[in-house]
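To keep things clear, I will list the structure first and then write my remarks on it.
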Amino acid sequence: MKLNEIRDNEGATKKRMRVGRGIGSGKGKTGGRGVKGQKARSGVAIKGFEGGQMPLHRRLPKRGFNNPGATDLNAVNIGRIQQAVDAGKLDVSAPVTVESLIAAGVVSKARDGVKILGVGELTAKLTFQVSRASKSAVEAIEKAGGSVTQSLATADDAVASA
């Protein structure tokens, strides 16, 4: 077999329909658009239009609320951090920060910070400099001999200090 002998399988490709090319083509005259009316014209976009009836998206009530001031934190369990320490990806002597967690592959991107959660077991003595930590995580870290410094700098704090 040579490159110039390669072909698609029989029936794999289909020629496109050329509309408006005479009555004998089967798609002539109106070009498959029917007869007259708004939809027969070009540039029609009536998505969601229900013929004058109140559209469904306007009949249904609005729900929920998007909080513009919400913080999007990475949640990391202490068990996952211990795995990174055991694998040699996290340095025990250096403080655990967002940057060190990204470098270790525990967290994919920084977002608004990191919250340490207490699921799992921590045996390494670590110093944490994170946005937030749950009570159970703080207890487990202090039990292992480590410490936690929490500091979440929000947009409101930046405005207040300026």
Side-chain angles (χ1 to χ4, degrees), residues 1-91 96-122 128-134 136-137 150-162:
M1 178 174 280
K2 297 177 187 130
L3 279 174
N4 65 331
E5 294 174 354
I6 295 173
R7 283 188 183 182
D8 279 328
N9 294 331
E10 198 63 43
T13 58
K14 192 176 174 185
K15 285 209 163 209
R16 73 179 185 89
M17 176 62 70
R18 295 181 71 219
V19 297
R21 292 296 181 273
I23 213 161
S25 70
K27 280 278 190 275
K29 194 181 167 215
T30 53
R33 286 178 175 265
V35 183
K36 295 186 182 175
Q38 186 180 9
K39 287 173 141 180
R41 316 282 187 246
S42 66
V44 175
I46 38 180
K47 184 181 177 184
F49 182 71
E50 297 183 18
Q53 173 175 292
M54 189 60 66
L56 181 68
H57 66 90
R58 289 187 59 197
R59 289 197 304 266
L60 297 176
K62 288 198 248 180
R63 298 265 310 164
F65 169 72
N66 272 342
N67 184 1
T71 52
D72 183 24
L73 298 173
N74 288 303
V76 180
N77 286 307
I78 55 172
R80 178 70 186 91
I81 292 169
Q82 185 60 49
Q83 282 179 350
V85 170
D86 295 340
K89 293 180 179 178
L90 265 178
D91 185 17
V96 178
T97 61
V98 181
E99 292 79 21
S100 64
L101 290 173
I102 291 170
V106 177
V107 169
S108 59
K109 59 182 178 178
R111 294 193 180 146
D112 292 331
V114 173
K115 180 168 182 175
I116 306 297
L117 303 176
V119 178
E121 207 165 315
L122 186 70
F128 287 86
Q129 291 176 354
V130 290
S131 306
R132 293 193 186 141
S134 67
S136 58
Q150 296 179 49
S151 62
L152 181 66
T154 61
D156 296 335
D157 296 338
V159 171
S161 64

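Since we're looking at a predicted model, the values are computed, not measured. Just so you know, these numbers use all the heavy atoms, side chains as well, and skip hydrogens, waters and symmetry mates.
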Which atom names give the shortest non-hydrogen contact between A75 and L117, and what distance separates them? CB-CD1, 3.7 Å
Between V114 and L101, does a side chain to side chain contact (heavy atoms under 4.5 Å, CB included) hold up when you go through it step by step? CA-CA 9 Å; V114 173; L101 290 173; 3.9 Å; yes
Which residues pass the side chain to side chain donor-acceptor pair (under 3.5 Å) test with Q38, sequence neighbours left out? none
State, to 0.1 Å, how close S25 and G22 come at their nearest heavy-atom pair, and which atoms those are. OG-O, 2.8 Å
Kindly compute the distance separating CG (N9) from CZ (R7), expressed to the nearest 0.5 Å. 11.5 Å
Can I get a per-line list of side-chain donor-acceptor pairs under 3.5 Å for residues 39-58, giving both atom names and the distance, sequence neighbours left out?
unit_1	atom_1	unit_2	atom_2	d
E50	OE1	Q53	NE2	2.9
E50	OE1	R59	NH1	3.0
E50	OE2	L56	N	2.8

Run the side chain to side chain contact (heavy atoms under 4.5 Å, CB included) test on D86 and Q82 for me, step by step, so that the C-alpha distance in whole Å, both residues' side-chain angles and the decisive distance to 0.1 Å come before the verdict. CA-CA 6 Å; D86 295 340; Q82 185 60 49; 2.9 Å; yes
Between N77 and I81, does the side chain to side chain contact (heavy atoms under 4.5 Å, CB included) criterion hold? Intermediate values first, please. CA-CA 7 Å; N77 286 307; I81 292 169; over 6 Å; no
Kindly compute the distance separating CG (D91) from OG (S100), expressed to the nearest 0.5 Å. 9.0 Å
Pairwise distance CD(E99) to CD(Q129) - rounded to 0.5 angstrom: 9.5 Å
Scanning both residues in full, the closest heavy-atom pair of G113 with S131 reads CA-OG, 3.2 Å
Rounded to the nearest 0.5 Å, the CZ atom of R80 sits from the CD1 atom of I78 at a distance of 13.5 Å
d(F128 CZ, T97 OG1) to nearest 0.5 Å is 10.5 Å
For the backbone of D72 and the side chain of D112, can you confirm whether one donor and one acceptor N or O come within less than 3.5 Å of each other? yes
Which atom pair, heavy atoms only, marks the closest approach of A12 to D8? CB-CB, 4.1 Å
Can any side-chain N or O of R21 pair as donor or acceptor with the backbone N or O of V19 at less than 3.5 Å? yes
Output the distance between atom CD1 (I116) and atom CG (L122), rounded to the nearest 0.5 Å. 9.5 Å
Out of the candidates R111, K115, K109, only one should pair with N74 under the side chain to side chain donor-acceptor pair (under 3.5 Å) rule; please name it. R111
